[in-house]
Amino acid sequence: MLKSAPEIISESFHLYTKHWRNFVPYMLVIFLPTLTLSLIGIFSSYLEVFIPASGLISNIIIIIIYAASFVITVWATIALIRALSASLAEQTLDWKENFKVSNHLMLPTILTSIIAGLIVLGGSILFVIPGIIFTVWYSFANYPVIFDGAKSMEALRISKSLVVGRWVQITWRIIAIGFIFALISIVLSSLTTFVADKIPMADFLKSTLSSLLSSLVSTILVPLSTAGSLILYYNAKANPVGSELPLTPPKI
């Protein structure tokens with residue numbers, strides 16, 4: 001039987017509080033691009049005052065960093081998922097070795113995400129409901145790639161097989177888990193923004209600091225929200241569809 005949303009949320013908090021030190025290297029890597037972009041933004045703003053033509057150079061650098069940040073974020077997220085999985089089994093991965101292994105999983109993970117995204121987009125174009133159904137079907141698609149080395153289409157099939165027959169239960173848990181963690185993120189980000197507004201500094205710097213602190217809060221919570229999804233995936237995998245009463249959306 002699937003665990004309830006409160007049980008999954010509770011386990012996520014327990015996992016995070018018990019093993020948070022193991023996740024620090026991944027959080028730092030995920031936060032690094034945001035910090036870099038913020039510093040470049042501050043530097044370029046002051047540089048444009050003295051060298052007006054520097055704006056083009058800054059924009060080119062920012063575009064390059066945006067591209068690099070996407071790659072780094074995907075890489076660090078894969079490594080974080082592997083670290084969370086190890087922590088669930090009361091094991092610890094060497095973060096350097098973990099990043100090395102995760103490097104080879106980037107392309108298949110990105111490819112799987114693109115294919116799933118295109119399928120969801122196609123369903124959304126047909127009508128809103130198919131798009132929502134497909135989103136839930138393929139919400140676990142990256143995990144078989146990361147943990148089992150599955151190819152993209154096989155990973156999509158596995159993800160769908162975990163959902164079909166209990167679409168309503170899985171959807172409710174995904175929504176409930178996402179809502180709780182999003183609410184926590186909003187509250188903490190609002191508090192940091194309130195604190196930043198009280199610091200006497202130029203409006204531009206205040207805005208940058210507020211955005212930076214908000215991104216930091218989001219980064220700190222990434223292991224928590226990712227743990228919820230991972231716990232649900234393992235729970236669904238351990239409890240085949242046949243063991244529960246079928247509750248499915250209309251067939252597409």
Do [X] and [Y] belong to the same hydrophobic cluster, where Ile, Leu, Val, Met, Phe, Trp and Tyr are linked whenever their side-chain heavy atoms lie under 4.5 Å apart, directly or via other members?
| X | Y | result |
| --- | --- | --- |
| Phe194 | Leu221 | no |
| Val24 | Val222 | yes |
| Leu230 | Phe179 | yes |
| Leu183 | Phe13 | yes |
| Ile175 | Tyr138 | no |

Report yes if some heavy atom in the side chain of [X] is under 4.5 Å from a heavy atom in the side chain of [Y]; otherwise report no.
| X | Y | value |
| --- | --- | --- |
| Leu2 | Ile170 | yes |
| Ser161 | Phe140 | no |
| Phe31 | Leu216 | yes |
| Phe127 | Ile133 | no |
| Ile110 | Val74 | yes |
| Leu209 | Ile199 | yes |
| Ile119 | Leu156 | yes |
| Glu11 | Asn235 | no |

Hey, would you say the Trp137 and Phe134 ring centroids sit under 6.0 Å apart?
->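 For Trp137 and Phe134, the ring centres are under 6.0 Å apart.
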Between Trp95 and Tyr26, is the gap from one ring center to the other below 6.0 Å?
-> no
Sidechain-backbone polar pair: [X] side chain, [Y] backbone, donor-acceptor under 3.5 Å:
| X | Y | value |
| --- | --- | --- |
| Ser185 | Phe181 | no |
| Thr135 | Gly131 | yes |
| Arg82 | Val101 | no |
| Glu154 | Lys151 | no |
| Ser229 | Thr226 | no |
| Ser10 | Pro6 | no |
| Asn98 | Ala79 | yes |
| Ser214 | Ser210 | no |

Check whether the side chains of Ser85 and Tyr143 place a donor and an acceptor atom closer than 3.5 Å, and report yes or no.
-> no
Heavy atoms only: give me the nearest [X]-[Y] pair and the separation to one decimal.
| X | Y | result |
| --- | --- | --- |
| Gly228 | Ile8 | O-CG2, 3.5 Å |
| Ile78 | Met106 | CD1-CA, 3.8 Å |
| Glu7 | Lys3 | OE1-CA, 3.3 Å |
| Ile115 | Ser152 | CD1-CB, 3.7 Å |
| Leu88 | Ile231 | CD2-CG1, 4.0 Å |
| Ala141 | Ser159 | N-OG, 3.4 Å |

From [X] [atom1] over to [Y] [atom2], what is the distance, rounded to the nearest 0.5 angstrom?
| X | Y | atom1 | atom2 | value |
| --- | --- | --- | --- | --- |
| Lys160 | Arg157 | NZ | CZ | 10.5 Å |
| Trp172 | Ile177 | CH2 | CD1 | 10.0 Å |
| Thr92 | Asn22 | OG1 | CG | 4.5 Å |
| Phe147 | Tyr234 | CZ | OH | 3.5 Å |
| Arg166 | Thr171 | CZ | OG1 | 11.5 Å |
| Leu93 | Ser87 | CG | OG | 7.5 Å |

Residue of the set Thr193, Leu213, Val217 for which side chain to side chain contact (heavy atoms under 4.5 Å, CB included) holds with Leu188 = Val217
Aromatic plane relationship, Tyr16 with Phe23 - under 30° parallel, 30 to 60° tilted, over 60° perpendicular |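 Taking Tyr16 first and then Phe23, their aromatic rings sit tilted (interplane angle of 30° to 60°).
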More than 12 heavy atoms from other groups under 6.0 Å of CG on Leu107 = no
So does Glu90 pair up with Lys18, basic N to acidic O under 4.0 Å?
->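 Answer for the salt bridge query: yes.
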